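Model, not experiment: these values are computed from the prediction. What's counted below: heavy atoms across the whole structure, side chains too, no hydrogens, waters or symmetry copies.
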Amino acid sequence: MKLWIFENFERFENKIAIIYKNRTYTYSQLSSQIKKIEVEILSSIKKNEVVAIIGDYSFESIALLFVLYKNRNIIVPITSIAENELKDKIEESHCDKIVRVSKEKYLIENTVFKEKHQIIKTLQEKNNSGLILFSSGSTGKPKAMVHNFDNLLNSYKDKKNKSLNMIIFLMFDHIGGLNTLLNILSIGSTMIIPENRNPDNICKLIQDYEIRILPSSPTFLNLILMSNSHNKYDLSSLKMITYGTETMLDSLLMRLKNSFPKVKFLQTFGTSETGIANTKSKSSSSTFMKIEDLDLEHKIVENELWLKSKTQILGYLNSSMDSFTKDGWFKTGDLVETSEDGYIKIIGRNTEIINVGGQKVLPSEVESVILSIKEIEDCIVYGGKNLITGQIVTCDVVLKEDISNIKVLIRKFCKDKLDNYKIPTKVNIVDKINFTNRFKKIRRK
């Protein structure tokens with residue numbers, strides 16, 4: 001019996017599936033590559049083994065992903081290039097084999113055998129394919145999360161076919177990136193894989209391939225504005241920008257709407273633990289959204305969003321399940337506010353709250369006000385240490401031009417918009433705001 005995704009590939013046949021390095025690959029070519037890999041490497045990889053794919057998106061790595069899925073393997077996509085990080089992820093995921101995708105070749109390495117975690121054993125006993133992803137590790141050691149890949153992939157079954165050109169923006173080892181990949185291939189659309197993720201390159205791809213949908217993050221969208229890349233290229237084909245992975249500031253969304261007045265903005269939401277939810281933004285200029293997903297339940301407990309989904313992880317390989325309740329609810333750590341008409345707004349992470357003498361400050365609220373100042377191009381707010389109050393509100397800012405007394409300007413601007421304890425006590429002028437390879441701001445602790 002053929003798996004539905006492979007039937008789709010055959011049915012889509014001559015439609016273009018992937019564009020990478022100016023080369024186009026049809027669904028028929030993708031099917032042929034899958035069959036070719038099966039002949040070349042499956043003699044070296046046993047069914048149900050844990051296999052790491054080292055590398056980012058390419059025609060070869062995507063074909064390999066589906067070969068391993070078909071072979072009932074537990075797949076570990078890894079884009080890290082730092083040797084220590086790579087070594088840790090291979091060990092934490094209990095890998096049996098490593099496949100490096102290099103110059104259209106597949107280089108297979110064996111690893112030292114390690115007794116398998118019970119979650120992996122259960123997947124193997126049930127002959128299910130698995131997927132192991134790692135958290136970003138911004139608050140400590142990255143967690144190794146195990147998905148039932150059959151369950152995850154089947155959530156894309158029976159979607160309506162569409163012919164769209166979409167950039168695949170988030171990484172190969174990120175739940176958001178894999179969501180884009182699986183969604184595109186399940187509906188018969190075309191993915192354009194960027195060779196690098198900088199604003200100029202992304203905007204040029206939008207122009208050259210008449211891309212209609214751009215999935216991104218608030219941090220990257222602000223980088224586009226800062227670089228003025230959106231004015232260097234013809235982006236008239238763009239109909240929708242989806243954003244997620246971090247809190248969208250109201251003031252940034254307003255800047256984006258002014259720069260892209262004809263584009264629809266849609267807030268997406270998901271977690272590595274529960275998968276990506278179907279959402280609906282209140283409007284293109286609103287940061288309020290609804291979660292409208294038959295496969296996912298949500299509730300709010302003490303202003304924190306909790307989720308329970310049909311595609312949530314089976315567990316962690318290297319961490320306790322403290323973030324899950326006994327009855328299966330995942331405590332996201334995302335703080336929300338609600339509107340009277342049932343919409344919710346992500347206002348920050350509970351780990352980011354600044355405590356100023358017992359008064360709680362959400363960085364996103366302060367950042368949104370500061371980013372409204374026309375002289376400021378970017379900013380990040382975090383807690384600084386203080387002997388009297390415990391913490392103070394600290395802000396790093398990127399200026400559009402040299403300004404004297406920026407602290408005075410910020411305090412004066414914020415005076416009638418924020419409570420006094422929320423106004424930054426310390427302001428640092430910086431050249432840039434640092435962010436992860438997933439385009440999320442790195443907030444100091």
Side-chain angles (χ1 to χ4, degrees), residues 3-6 34 37-38 41-42 44-55 57 61-80 86 88-99 101 106 108-135 142-157 171-179 181-183 185-186 270-276 295 309-321 323-324 328 330:
L3 297 165
W4 68 269
I5 190 69
F6 299 103
I34 288 168
I37 301 171
E38 287 178 314
I41 76 169
L42 285 191
S44 304
I45 296 175
K46 297 176 184 176
K47 281 193 173 185
N48 306 121
E49 283 188 316
V50 183
V51 182
I53 302 175
I54 311 298
Y57 302 106
S61 65
I62 292 167
L64 177 60
L65 176 78
F66 287 100
V67 168
L68 297 177
Y69 163 69
K70 189 176 179 183
N71 199 47
R72 313 284 80 200
N73 292 115
I74 296 154
I75 307 158
V76 192
I78 302 176
T79 61
S80 308
L86 185 60
D88 287 345
K89 287 184 175 181
I90 289 168
E91 187 172 327
E92 296 284 352
S93 57
H94 300 226
C95 280
D96 297 301
K97 297 284 195 310
I98 301 166
V99 184
V101 183
Y106 302 94
I108 303 172
E109 304 170 25
N110 293 312
T111 64
V112 177
F113 176 79
K114 184 175 181 180
E115 181 65 25
K116 296 294 183 277
H117 192 286
Q118 186 55 49
I119 297 172
I120 293 176
K121 288 181 180 178
T122 301
L123 276 171
Q124 292 171 331
E125 289 164 4
K126 292 182 177 180
N127 200 33
N128 286 140
S129 179
L131 178 70
I132 298 176
L133 301 176
F134 286 87
S135 65
K143 295 178 180 178
M145 298 164 278
V146 186
H147 281 274
N148 180 319
F149 196 25
D150 292 279
N151 190 31
L152 190 64
L153 182 58
N154 284 336
S155 66
Y156 297 85
K157 188 179 180 181
M171 309 289 277
F172 191 39
D173 56 358
H174 185 281
I175 189 68
L178 287 169
N179 171 67
L181 182 148
L182 297 176
N183 190 47
L185 295 182
S186 67
T271 71
S272 297
E273 282 84 355
T274 58
I276 305 299
D295 292 332
S309 80
K310 293 180 181 178
T311 56
Q312 64 193 38
I313 60 170
L314 304 174
Y316 301 108
L317 297 180
N318 58 354
S319 179
S320 67
M321 294 288 282
S323 50
F324 284 86
F330 174 60

Please assess V76 against F134 for the test side chain to side chain contact (heavy atoms under 4.5 Å, CB included), listing each intermediate value before the final yes or no. CA-CA 9 Å; V76 192; F134 286 87; 4.0 Å; yes
Ion pair present between E115 and K121, side-chain N to carboxylate O less than 4.0 angstrom? yes
Which distance, rounded to the nearest 0.5 Å, do you find between the CD1 of I132 and the CD1 of I313? 11.0 Å
What's the separation between atom CG in L153 and atom OG in S129, rounded to the nearest 0.5 Å? 8.5 Å
Using a 4.5 Å cut-off on heavy atoms from C-beta on, say whether the side chain of L131 contacts that of L178. yes
Below 4.5 Å, heavy atoms only, C-beta onward: do I175 and M145 meet side chain to side chain? no
Any side-chain heavy-atom pair of I74 and N128 under 4.5 Å: no
Please tell me if the side chains of T311 and D295 come closer than 4.5 Å, counting only heavy atoms from C-beta onward. no
Please determine whether a side-chain nitrogen of the Lys or Arg among K70 and E38 lies less than 4.0 Å from a carboxylate oxygen of the Asp or Glu. yes
Can you tell me if CD on E109 sees more than 12 non-hydrogen neighbours from other groups inside 6.0 Å? yes
Checking K157 now: which residues fulfil salt bridge (Lys or Arg N to Asp or Glu O under 4.0 Å) with it, not counting sequence neighbours? none
May I ask you to test the V51-I75 pair for a side-chain heavy-atom distance under 4.5 Å? no
How long is the span from the CG atom in N151 to the NZ atom in K310, to the nearest 0.5 Å? 9.5 Å
K46 bridged to D96 by N-O distance under 4.0 Å: no
For Y316, give me all partners under side-chain hydrogen bond (donor to acceptor under 3.5 Å, both in side chains), at least two apart in sequence or on another chain. E273, S323
Any chance you could lay out the side chain to side chain donor-acceptor pair (under 3.5 Å) test for N73 and E49, step after step, and finish with the verdict? CA-CA 5 Å; N73 292 115; E49 283 188 316; 5.3 Å; no
Answer yes or no: is there a side-chain heavy-atom contact under 4.5 Å between L64 and I41? yes
If you measure from CG on L133 to CZ on F172, what distance do you get to the nearest 0.5 Å? 10.5 Å
Would you call the rings of F324 and F330 parallel, tilted or perpendicular, where under 30° means parallel and over 60° means perpendicular? tilted
OG/S309 to CD1/I276 distance, rounded to the nearest 0.5 angstrom? 10.0 Å
Roughly how far, to the nearest 0.5 Å, is CD1 of I53 from OG1 of T79? 12.0 Å
